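This is a predicted model, so every value here is computed, not measured. Throughout, numbering of the chain's residues begins at 1 and tracks the sequence.
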Amino acid sequence: MTDSVDYRGVEKAYDTVADAYADYFPDTSAEHALDMAMVDAFAAAVIAGGEPRILDAGCGSGRLSRYLTGRGLLTEGVDLSPGMIARARKESPELTFSVASLTALPFPDDAFPGVMLWYSIIHTPPAGQDRIFAEAARVLRPGGHLLVGFQHGRGSRDVGEIYRGMGYDVDLERYNYTADEVAARAEAIGLREVARMVRQPRPEERDGQSSVLFQAPA
């Protein structure tokens, strides 16, 4: 499967805003309690499987990696942006972070009992989604769990305007998906839906939020 999406603009945008992003989102306090309930359910499912090791794919500056480490998981993070990875390493030198694309994860098959795509699919248009899910499923062990978080809805938004308003010259588009769309992609490659959460937007949010937990066949 070839990569049909050019991510150079996304990489450049996040390199540009890496420090501002990390300062604004230092931890998980921006997440709603319902969002974190799904993260906790994912962590519990992986721990129950007997090997508490996960890949935070699209880890950004590592805030969820740090949270999950605190929950008892051995966490490794990858992100497309060298700037984000540099900040993640600075904030959490005890953890392992690497620069890598979600479409070409540098790990062997069946490497992780848990994989998390927490708002990692949102800058990929529909044509590129199958590649991301295929890679996540490839590195996921039989019986392992995949958690996907994303803005719920349809269409796309120019989120670069937020950063341009802060003085950064970036272009960044975000794509919304429904929980049904995400579930269909995962189920098409053999994953089973375990649970989903869909909530309405808070006053400060433009869109609703969703997350779906999947399990690979044993």
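- Both tests do not hold together for R192 against F214: distance to the six-membered ring centre under 6.0 Å, angle to the ring axis within 45°.
- Between F150 and Y119, the distance separating the two ring centers is not shorter than 6.0 angstrom.
- Ionic pairing of R87 and D19 is present here: one or more N-O contacts between side-chain nitrogen and carboxylate oxygen are shorter than 4.0 angstrom.
- The shortest heavy-atom contact between A136 and L146 is CB-CD1, 4.2 Å.
- Comment: D110 does not engage R141 in a salt bridge, judged by the lack of any side-chain N to carboxylate O separation of less than 4.0 angstrom.
- Salt-bridge formation is not detected for the pair E11/R8: no Lys NZ or Arg NE/NH1/NH2 atom is positioned less than 4.0 Å from an Asp or Glu carboxylate oxygen.
- Taking the ring centroids of H123 and Y14, they lie under the 6.0 Å cut-off.
- Atom CG of D109 is surrounded by more than 12 heavy atoms from other residues, nucleotides or ligands within 6.0 Å.
- Salt bridge status for R89 with E94: absent, with no side-chain N to carboxylate O gap under 4.0 Å.
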Pair R71, D40 - check salt bridge (Lys or Arg N to Asp or Glu O under 4.0 Å), show working. CA-CA 8 Å; R71 299 286 295 179; D40 290 343; 3.5 Å; yes
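- Between E181 and R154 there is a salt bridge, with a side-chain nitrogen of the basic residue lying less than 4.0 Å from a carboxylate oxygen of the acidic one.
- Looking at D130 and R185, a side-chain N of the basic residue comes within less than 4.0 Å of a carboxylate O on the acidic one, giving a salt bridge.
- Side-chain N/O atoms of D15 and S81 include a donor and acceptor closer than 3.5 Å.
- In this structure, a donor-acceptor pair under 3.5 Å is absent between the side chains of E76 and T96.
- R196 has a carboxylate O that lies under 4.0 Å from a charged side-chain N of D180, or vice versa, which qualifies the two as a salt bridge.
- Closest approach of A179 to V212, counting heavy atoms only: CB-CG2, 4.2 Å.
- Defined by atom type and a distance below 3.5 Å, a donor-acceptor pair is missing between the side-chain atoms of D171 and Y163.
- Note that OG of S65 and CD of E91 are 12.0 Å apart. Values are rounded to the nearest 0.5 Å.
- A distance of 6.0 Å separates OG of S61 from OH of Y21, quoted to the nearest 0.5 Å.
- None of Q151, R174, Q200 except one satisfies the side chain to side chain donor-acceptor pair (under 3.5 Å) rule with D207; the exception is R174.
- Closest heavy-atom contact between T16 and K12: OG1-O, 2.8 Å.
- Two different hydrophobic clusters hold F97 and L105 under the rule that ILVMFWY side chains link at heavy-atom gaps under 4.5 Å.
- One distance of note links OG of S210 with CG of N176; it measures 11.0 Å at 0.5 Å rounding.
- For R202 and E205, the salt-bridge test passes: some basic side-chain N is under 4.0 Å from an acidic carboxylate O.
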